[in-house]
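Since the structure comes first, as structure tokens, the remarks are kept for the end.
As the structure is a computational prediction, the values presented were derived from the model and not from experiment. The first residue of the sequence shown is numbered 1, and numbering continues consecutively from there.
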Amino acid sequence: MLLRFSVENWMSFRDEATLDLVATKEEQHSDHIAAIKKYGLKVLPVAAIYGANASGKSNLIKAMRFAQQFITEPPKQGVPIAIKPFLLSKGSFDKPTAFRFELLLDKTIYEYSFAVTASSVIREELKQVNATSEETLFRRAVEPEEFFLSEKVQDKSQQQFAFRGTHDNQLFLTNSVSQRLAEFKPLFDWFETSLIVILPNSRFGQLSEITDNHHPHFRRMITRLHALDSGIADFRQLDISSEGTLPKELFDAIASDLKEGQTLPLSGPWEEGVFLRKENGKIVAIRLAPVHENESGEEILFNFSDESDGTRRLFDLLPAFLFLEERSIPPVFVIDELDRSLHPNLTKDLLEHYLEQRTNSSRSQLIFTTHDTQLMTQDIFRRDEIWITERDQFGASKLVAFSEFKDVRKDRDIRKSYLQGRMGGVPRIRTASSPC
């Protein structure tokens, strides 16, 4: 689970901003809060982030995405690090961009942080947080030059060797795992598999797997699509490998990289809903076909592109919500513009269904940005689950939870207060005669 995420000197965030998912002492909706008895903590299952256009909502999500990719897909040696520092302050150009994650892995809390410039990693540190203290597992710094490794770390000599082979533009965590050392692999795996970021125009790759009628979630997917009035009765996965739709060069280029059983959605000039899968050593081209029923009850196959933007967005999001209900491998989904192309009632139903099935033992989480003020109600969320981004007069973003506003009582209509501008996070619209 994600407890806290902080970012500094990234895009519109000049100063450190922290998204805190540790619950406050309020008692609303306590039935869906995850209880971490070892630490005496309660962790929120959801964070809804509001704000005006260009206030920083998406920049926060992009910060998480960048950090994840930098950990799991590092640049090659000598390639600049693609940071995006705050541009509206001269002092920011000389400062590193910093990220910090506080995570609960299994039953232990870790704090992992790093700071980078365009050329190198300036510092990197991993701490294990105990009930009453914390212990540094490793620390790396450039000025002064330092590499500290705790005595409790296994394979210490091999870890030292991995550090010496870590490039300036690479994290030690990444290189340690790439050297097949197991000590820090659970942390790396969390970033690679448990943290799932869905941007407004990106696709959740599991759609092609969950629409296979052998998948354990397939029937639930169809049931939910029917309940959400999508008009879809079923799915078919059509093998189009022999149709010559895709050139042989594409198959050959992908065959060496695609692992057995792995699926790759195609983008670009290809028909939406087409993906490649490796089965028994061969690349198979599949077209996903939604099934509708005509007035006589006969099944009619549609192309993916025949569906509305809202339905295609639902295809991306619904599998994510089904995986959020997983008990075995709890994911953390981060979704930018959750409500894009969706009717407000659909978004509301997705969220309520997710929260209603949770218990104190649930460990999945959902973080999302939205403009949908219909969701901004204490009937759905606690005050510490609703956040606002706002820019100051210098263009710098800040991040504030509703729980920090003293006048936001349990009985207050927070939607009305927000739209009136009493909490910030709404556009400051000027009339034509207003001074700039």
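- Atoms CD and OG, from Q28 and S403 in turn, are 11.0 Å apart once rounded to the nearest 0.5 Å.
- Residues passing the side-chain contact (heavy atoms from CB on, under 4.5 Å) test with P74, sequence neighbours excluded: Q170, T174.
- Remark: E352 pairs with K348 by the salt bridge (charged side-chain N to carboxylate O under 4.0 Å, His left out) rule, at least two apart or across chains.
- Taking all atoms of both residues into account, the shortest heavy-atom contact from A35 to R363 is O-NH2, 3.0 Å.
- Between K38 and T108, some side-chain heavy-atom pair lies under the 4.5 Å cut-off.
- Using a 4.5 Å cut-off on side-chain heavy atoms (C-beta onward), M1 and L21 make no contact.
- Ring-plane geometry between F304 and F315 is classed as tilted, the angle between the planes lying from 30 to 60 degrees on a 0 to 90 degree scale.
- Between the side chain of S397 and the backbone N or O of F13 there is no donor-acceptor pair closer than 3.5 Å.
- Side-chain atoms of S176 and Q159 form a donor-acceptor pair, as typed in the model, at a separation below 3.5 Å.
- In this structure, the side chain of Q68 engages the main chain of L195 through a donor-acceptor pair within 3.5 Å.
- Closest heavy-atom contact between E385 and F381: OE1-CA, 3.4 Å.
- When side chains are defined from C-beta on, R313 counts as touching R340, because their heavy atoms get closer than 4.5 Å.
- If you run side-chain contact (heavy atoms from CB on, under 4.5 Å) between L187 and each of L137, L173, I71, V177, only L173 comes through.
- Partners of H215 by ring-ring contact (aromatic ring centres under 6.0 Å, His included), not counting sequence neighbours, listed by chain and number: H217.
- L181 contributes atom CG, which lies 8.5 Å from atom CG of N175 (distance to the nearest 0.5 angstrom).
- H371 and A52 make their closest contact through CE1-C, 4.2 Å (heavy atoms, listed as atom of the first residue, atom of the second, distance).
- Not one N or O on the side chain of W10 forms a donor-acceptor pair closer than 3.5 Å with the backbone of T97.
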Q.
Checking D155 against F161 for the side chain to side chain contact (heavy atoms under 4.5 Å, CB included) test, could you report, in this order, the C-alpha distance in whole Å, the side-chain angles of both residues, the deciding distance, and whether it holds?
A. CA-CA 10 Å; D155 301 322; F161 179 80; over 6 Å; no

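- In this structure, CD in E356 is found 9.5 Å from CD1 in I380, a value given to the nearest 0.5 Å.
- Checking V332, L351, L350, L355 one by one against L366, the side-chain contact (heavy atoms from CB on, under 4.5 Å) holds for a single residue, L351.
- Two residues are said to be in side-chain contact when any heavy atoms from C-beta on lie closer than 4.5 Å; F5 and T18 fail this criterion.
- Aromatic ring centres of F99 and F66 lie closer together than 6.0 Å.
- In this structure, N280 places its CG atom where only 12 or fewer heavy-atom neighbours from other residues, nucleotides or ligands lie under 6.0 Å away.
- Under the 3.5 Å distance criterion, the side-chain polar atoms of S113 are left unmatched by any main-chain donor or acceptor of F101.
- Note that CE of M221 is 12.5 Å distant from CG of D212, once rounded to the nearest 0.5 Å.
- The shortest distance between side-chain heavy atoms of N59 and K84 does not fall below 4.5 Å.
- At least one donor-acceptor pair closer than 3.5 Å links the side chain of N9 to the backbone N or O of F86.
- At least one donor-acceptor pair under 3.5 Å links the side chain of S308 to the backbone N or O of T311.
- In summary, of the residues considered (N169, I83, V121), a side-chain contact (heavy atoms from CB on, under 4.5 Å) with F70 occurs for V121 alone.
- Listed by chain and number, the residues in a side-chain contact (heavy atoms from CB on, under 4.5 Å) with A23 are I33, K42, L44, R382, D384 (sequence neighbours excluded).
- Using a cut-off of 4.0 Å between Lys/Arg side-chain N and Asp/Glu carboxylate O, D349 and R224 are scored as salt-bridged.
- Here the closest non-hydrogen pair linking D239 and A285 is OD1-O, 3.3 Å.
- The shortest side-chain heavy-atom distance between F218 and L322 does not fall under the 4.5 Å cut-off.
- For the pair L301/V291, a side-chain contact is recorded, criterion being any heavy-atom separation below 4.5 Å from C-beta on.
- Y112 pairs by the ring-ring contact (aromatic ring centres under 6.0 Å, His included) definition with F114, not counting sequence neighbours.
- With hydrogens and angles disregarded, a donor-acceptor distance shorter than 3.5 Å links the side chain of Y39 to the backbone of I109.
- Qualifying side-chain hydrogen bond (donor to acceptor under 3.5 Å, both in side chains) partners for E134, counting only residues two or more places apart in sequence or in other chains: K127.
- In this structure, T359 contributes its side chain and S361 its backbone to a donor-acceptor pair below 3.5 Å.
- The side-chain contact (heavy atoms from CB on, under 4.5 Å) search around P80 returns none, not counting sequence neighbours.
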Identify each donor-acceptor pair in which a side-chain atom of residues 230-238 lies under 3.5 Å from a protein atom, sequence neighbours left out, and give them as a table.
{"from": "S230", "atom 1": "OG", "to": "L225", "atom 2": "O", "distance (Å)": "2.9"}
{"from": "S230", "atom 1": "OG", "to": "I232", "atom 2": "N", "distance (Å)": "3.2"}
{"from": "D234", "atom 1": "OD2", "to": "R236", "atom 2": "NH1", "distance (Å)": "3.2"}
{"from": "R236", "atom 1": "NH2", "to": "E299", "atom 2": "OE1", "distance (Å)": "2.6"}
{"from": "R236", "atom 1": "NH2", "to": "E299", "atom 2": "OE2", "distance (Å)": "3.4"}
{"from": "Q237", "atom 1": "OE1", "to": "R277", "atom 2": "NH2", "distance (Å)": "3.4"}
{"from": "Q237", "atom 1": "NE2", "to": "S208", "atom 2": "O", "distance (Å)": "2.8"}
{"from": "Q237", "atom 1": "NE2", "to": "T211", "atom 2": "OG1", "distance (Å)": "3.1"}

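- Under a 3.5 Å cut-off, the side chain of N303 and the backbone N or O of S305 do not form any donor-acceptor pair.
- For residues 47-76, the set of pairs meeting the salt bridge (Lys or Arg N to Asp or Glu O under 4.0 Å) definition, not counting sequence neighbours, is empty.
- For I300, the side-chain contact (heavy atoms from CB on, under 4.5 Å) criterion is met by N294, F302, not counting sequence neighbours.
- Side chains of R123 and P96 form a contact here, defined as non-hydrogen atoms less than 4.5 Å apart.
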Q.
Using side-chain hydrogen bond (donor to acceptor under 3.5 Å, both in side chains), reason through D339 and T347 one step at a time and then give a plain yes or no.
A. CA-CA 6 Å; D339 55 318; T347 312; over 6 Å; no

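- Here CD of E337 is found 5.5 Å from OG1 of T369. Values are rounded to the nearest 0.5 Å.
- For F172, the ring-ring contact (aromatic ring centres under 6.0 Å, His included) criterion is met by F138, F147, not counting sequence neighbours.
- Every pair passing salt bridge (Lys or Arg N to Asp or Glu O under 4.0 Å) that includes a residue from residues 171-198 is listed here, sequence neighbours excluded: K185-D189.
- Atom CG in L103 sits 6.0 Å away from atom CG in L2 (nearest 0.5 Å).
- R4 pairs in a salt bridge (Lys or Arg N to Asp or Glu O under 4.0 Å) with only one of the listed residues (E16, E102, E111), which is E102.
- P319 approaches L314 most closely through the heavy-atom pair CD-O, 4.1 Å.
- For the pair R312 (side chain) and E307 (backbone), a donor-acceptor distance under 3.5 Å is present.
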